[in-house]
Amino acid sequence: IPLWLENSGNVGIGTTSPIQKLDVNGNGYFNGQLIIKSQGVGNSISIQESTTGNLAAYMGESAVGHGFLALFEKSVGEVIRFDANGNSFINRGNVGIGTTSPTGRLNIKASTSNGSTAFVLQNSNGNINTVIYDNGTILAAGAGRFQGGGYFTGSGVGIGTTSAGTYQLNVVGGGRFSLNVDFANNH
């Protein structure tokens, strides 16, 4: 592999016309740690498409000491971003946690079926608002609000209790209805 040093101070490996301080035309191999120091906020590593040279991915600092990674889709632009200092997003495809073939926008699969917690929502104080177990022992627990045309399917819903028992709806404690309640079957 030829090594070329230009008068400008650029070094070329595999090229006689280097356009940067180090320009390598060909594959590289590093046996050890590769350290790239950012020159400031912005892109430190950019990966370009093979045909057009458009960005496919880049990473760097979004603010001093805060890293980010961005991925692009051809003709669309930035579709995935993980930012330690700002908003992160995924705007393409499905996301799988515990699965490599997610079937919905967010697919969470617990690693075991022994009752381990598959999904937890906590507020900023660390209080758990919702817990869903992966083996069906508890569908949901904690404070929550359901609005719109939602529904439950399964063996029943318990309010104020962890079990619906043999009922479709089991309410333990007081309740208030602001509208009339129609009991179609009085048993």
query: Can you list every ring-ring contact (aromatic ring centres under 6.0 Å, His included) pair that touches residues 69-92, not counting sequence neighbours?
result: Y58-F72
message: How close do L55 and S46 get, counting heavy atoms only, and between which atoms?
response: CD2-CB, 3.8 Å
query: Taking all atoms of both residues into account, what is the closest heavy-atom pair of V41 and S62, and its distance?
result: CG1-O, 3.4 Å
- request: Supply the atom-to-atom distance I47 CD1 to N54 CG, rounded to the nearest 0.5 angstrom.
  value: 14.0 Å
- request: Would you please test D23 and T15 for side chain to side chain donor-acceptor pair (under 3.5 Å) and show each step?
  value: CA-CA 7 Å; D23 191 339; T15 180; 5.1 Å; no
field: Hphob cluster co-occupancy, L169 + V172, side-chain heavy atoms under 4.5 angstrom
entry: no
- request: Could you pull out all residues at least two apart from N94 that satisfy side-chain hydrogen bond (donor to acceptor under 3.5 Å, both in side chains)?
  value: none
task: For residues R81 and A70, report the shortest heavy-atom separation together with the two atoms involved.
output: NH1-CB, 4.1 Å
- request: Group every Ile, Leu, Val, Met, Phe, Trp and Tyr by side-chain heavy-atom contacts under 4.5 Å, then state whether I36 and L69 land in the same group.
  value: yes
task: Would you mind reporting whether P102 and V95 have side-chain heavy atoms less than 4.5 Å apart?
output: no
task: Determine the minimum heavy-atom distance between N10 and P18, stating which atoms define it.
output: ND2-O, 3.4 Å
message: To the closest 0.5 Å, what do you measure between OG1 (T16) and CG (N25)?
response: 9.5 Å
- request: Return each pair, listed once, that meets salt bridge (Lys or Arg N to Asp or Glu O under 4.0 Å) where at least one residue sits in residues 61-74; pairs must be two or more places apart or across chains.
  value: E73-R92
